[in-house]
Amino acid sequence: MKCIVVTGGVLSGLGKGVTTASIGRILKDRGYKVLPLKIDGYVNVDPGTMNPYEHGEVFVLDDGAETDLDLGHYERFLNVDLTGESNITTGSVYKTVIEKEREGKYLGKTVQIIPHVTDEINDRIRRFNSKADIVLIEVGGTVGDIENRVFIEALRQLSRENGNNFLFIHLSYIPVILSGEQKTKPTQHSVKELLALGIQPDIVIGRSQMPLAEETKKKIALFCGVSERDVLSNQDLEDIYFLPMELTKQDLAGLIIKKMGLKPAPPYTFRWDNLVDKINKCTKQVKIGIVGKYTGLEDAYLSIKESLKHAGIHNKAHVECIWIESDEATLRDYKKVDALLVPGGFGSRGVEGKIKAVKYARENNVPFLGICLGFQVAVIEYARNVCGLKKANTTETDPQTPYPVIDLIEEQKNIHDKGGTMRLGAYPCTLKDKSLAGKIYDDKKISERHRHRWEVNHDFISILEKNGLVFSGVYEERQLMEILEVPGHPYFIASQFHPEFRSRIEHPAPLFVGLVKAALKKN
Ligand code: GLN
């Protein structure tokens, strides 16, 4: 078993997910198969039932698992498709333990946190380990949090069994005071906290505004029980995709390989310097308005932001995201941008504002991309303003609407539990010949990820089509409408699925690439 554990110290929000993803990527570039795993201390079984304002976006995988947004970083940096096994929560562990207890599997024992809960955690890690050269575990939160204590204890036990096949990397915050001095005391304390839990970190990475000074490294080495070579810098960077190169410059992969005694592997080469060059050469500028209702927290739309960035780089353009709160938006907001994007969402708040944004985009030839709820409101807007079906709506917002153009998917009608019960994960979609979708995907059949309960109501498809709307992508098995477009418009396209979950720096999502391209043409 080869396992790298990343813990966080002092503060949350240090970019532990991006750092973990970058560590994974530099090891992948050295030829190792790395599987990341995120541990979250909350009692929810998965984040699917949480409001995005609580925890940021819910990231959906091919297998339909609703996971922490850090899995998005892992997939984007490592260019892999993960499964739900890559996210463990307190809720999911306890659920299994309690179910086993009810089935009588503990044979009369008193079921305890140690060993039963810790064993369940470690069984999952062991099972996972068989699929990779290295398991890369990120422990959510900060060392000292009560939520992740059981996980740290489980990892301590597992590391005792596995000697130097286990490596602990501690990412900690190094504040800079007015005099400009980098202070190590908070890091010293957080390492002490880790030591009290039985873990000596092997490598300490200091998050700071600037690279760590030699003096700072010396102090950390002295007080935290590591050598100077084991202290690395993770300074503020212009772009998160610069981090793998920064860590490569400090030969973090070499250090890990040596410490863990990893066998040499044929390297897989990706030129991070080329990518950095490409990002630096994005000279064009484009403004994309995102009309949502969680715009106060950009993490709620993290994958959309990243997808726009990927698509921008592909088009040699820097994309500026302009956040537009759907309930408060005015014409002036729409006029400021080169394209509009209406993302997914739940519930009725903000729906009318989104419909207005779609109308503006459609009538004024503004490039438009709708995603999930954004697709549904595009159908509503078309029904109301082109087909003349006044008061058309989704039954999610208005169950009494005379024209329920968007309605619950048949199989959803008898589902009452909220957790993990939507139409989730990857489904194939067949694209219509000669459509915009067919052209931008340059394919006939695609696979994209979903997260929804409502769909286009079949009773209204023919009236929408007669009035010019084209459904250019269909899930054939159930005849669900997956993509719509308005011919004659420079770029008006929407998808019931979430293309943002598949966008990678190495493979930007076609629907986003097309949006940025159309926006550039307009500005
Ligand atoms: N609320 C809508 C549905 O469940 C849209 C979901 C979404 O945008 N992810 O169908």
Side-chain angles (χ1 to χ4, degrees), residues 48 51-52 58 60 290-294 300-301 324-327 329 340-362 368-416 418 421-424 427 429 448-471 473-475 478-486 492-499:
N51 184 311
V58 175
V60 180
I290 301 171
V291 187
K293 68 170 180 177
Y294 315 112
Y301 301 111
I324 303 175
E325 186 64 30
S326 47
D327 271 346
L340 283 167
L341 190 156
V342 178
F346 294 85
S348 50
R349 185 174 73 79
V351 168
E352 287 302 319
K354 289 179 178 176
I355 295 173
K356 275 191 207 138
V358 176
K359 181 168 189 274
Y360 179 83
R362 188 178 55 74
F368 164 78
L369 173 62
I371 296 175
C372 206
L373 182 63
F375 165 93
Q376 298 173 354
V377 294
V379 172
I380 298 169
E381 193 279 325
Y382 208 82
R384 286 187 191 173
N385 301 321
V386 180
C387 307
L389 305 175
K390 300 285 168 237
K391 293 196 182 154
N393 217 326
T394 159
T395 53
E396 182 179 11
T397 301
D398 177 8
Q400 311 306 331
T401 169
Y403 305 114
V405 288
I406 303 292
D407 200 5
L408 267 181
I409 304 175
E410 204 48 44
E411 314 63 306
Q412 288 285 331
K413 291 189 174 155
N414 294 317
I415 293 178
H416 300 291
K418 293 281 181 263
T421 56
M422 285 187 240
R423 177 172 180 245
L424 290 166
Y427 286 91
C429 170
E448 294 277 13
R449 299 179 186 174
H450 299 70
R451 183 168 188 250
H452 66 122
R453 296 184 201 280
W454 275 264
E455 59 153 340
V456 179
N457 183 342
H458 283 162
D459 298 345
F460 293 90
I461 291 174
S462 73
I463 180 162
L464 289 159
E465 285 180 335
K466 260 188 222 137
N467 282 279
L469 195 67
V470 171
F471 289 106
V474 177
Y475 171 52
R478 291 272 293 96
Q479 281 300 304
L480 301 184
M481 300 301 116
E482 301 275 32
I483 306 180
L484 67 77
E485 52 195 73
V486 174
F492 189 103
I493 195 159
S495 64
Q496 182 59 78
F497 52 76
H498 291 265

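Side-chain atoms are counted along with the backbone in the values below, which use heavy atoms only and exclude waters and symmetry mates.
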Does the pair L480 and V474 meet the rule for a side chain to side chain contact (heavy atoms under 4.5 Å, CB included), with working shown?
CA-CA 6 Å; L480 301 184; V474 177; over 6 Å; no
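- Separation of atoms CG (L389) and CD1 (I380) is listed at 11.5 Å; rounding is to 0.5 Å.
- We find the CZ-NE2 distance between F346 and H452 to be 9.5 Å, quoted to the nearest 0.5 Å.
- For R423, the salt bridge (charged side-chain N to carboxylate O under 4.0 Å, His left out) partners two or more places apart in sequence, or in a different chain, are E482.
- Remark: R478 engages E411 in a salt bridge (charged side-chain N to carboxylate O under 4.0 Å, His left out) (not counting sequence neighbours).
- Across all their heavy atoms, L373 and P343 have their closest contact at CB-O, 4.1 Å.
- The CD1 atom of I483 sits 7.5 Å away from the CD atom of E448 when rounded to the nearest 0.5 Å.
- Of all heavy-atom pairs between V405 and A383, the closest is CG1-CB, 3.8 Å.
- Listed by chain and number, the residues in a side-chain contact (heavy atoms from CB on, under 4.5 Å) with K413 are D407, L408, E410 (sequence neighbours excluded).
- Of all heavy-atom pairs spanning T395 and P404, the tightest one is CG2-CB, 3.6 Å.
- In this structure, the separation between CG on L484 and CD1 on I493 is 8.0 Å, given to the nearest 0.5 Å.
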When you look at F368 and V342, which way does the side chain to side chain contact (heavy atoms under 4.5 Å, CB included) test go after all the steps?
CA-CA 8 Å; F368 164 78; V342 178; 3.7 Å; yes
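- For S495 against P499, the heavy-atom pair with the smallest separation is OG-CD, 3.5 Å.
- Remark: F375 pairs with no residue by the ring-ring contact (aromatic ring centres under 6.0 Å, His included) rule, at least two apart or across chains.
- No donor-acceptor pair under 3.5 Å is formed between the side chain of H498 and the backbone N or O of G344.
- Not a single side-chain hydrogen bond (donor to acceptor under 3.5 Å, both in side chains) links N457 to another residue, sequence neighbours left out.
- Under the rule for a side-chain hydrogen bond (donor to acceptor under 3.5 Å, both in side chains), the partners of Q376 that lie at least two apart in sequence or sit in another chain are Q496.
- Checked against side-chain contact (heavy atoms from CB on, under 4.5 Å), A300 has the following partners two or more places apart in sequence or in another chain: P52, Y294.
- Among residues two or more places apart in sequence or in another chain, the salt bridge (charged side-chain N to carboxylate O under 4.0 Å, His left out) test is passed with K359 by E363.
- Y475 pairs by the ring-ring contact (aromatic ring centres under 6.0 Å, His included) definition with Y427, not counting sequence neighbours.
- Atom OG of S326 and atom CZ of R349 lie 6.5 Å apart (nearest 0.5 Å).
- A357 approaches L340 most closely through the heavy-atom pair O-CD1, 3.8 Å.
- Within the structure, side chain to side chain donor-acceptor pair (under 3.5 Å) contacts touching residues 381-394 (residues at least two apart or in different chains) are E352-R384, R362-E381, E381-N385.
- In this structure a side-chain-to-backbone donor-acceptor pair under 3.5 Å is missing from E485 to F492.
- Taking CG of L469 as the start and CD1 of I463 as the end, the distance is 11.5 Å to the nearest 0.5 Å.
- Using a 4.5 Å heavy-atom cutoff, the side chains of I406 and V456 are in contact.
- Partners of E465 by salt bridge (charged side-chain N to carboxylate O under 4.0 Å, His left out), not counting sequence neighbours: none found.
- Residues satisfying the side-chain hydrogen bond (donor to acceptor under 3.5 Å, both in side chains) criterion with R453, sequence neighbours excluded, are Q412, T421.
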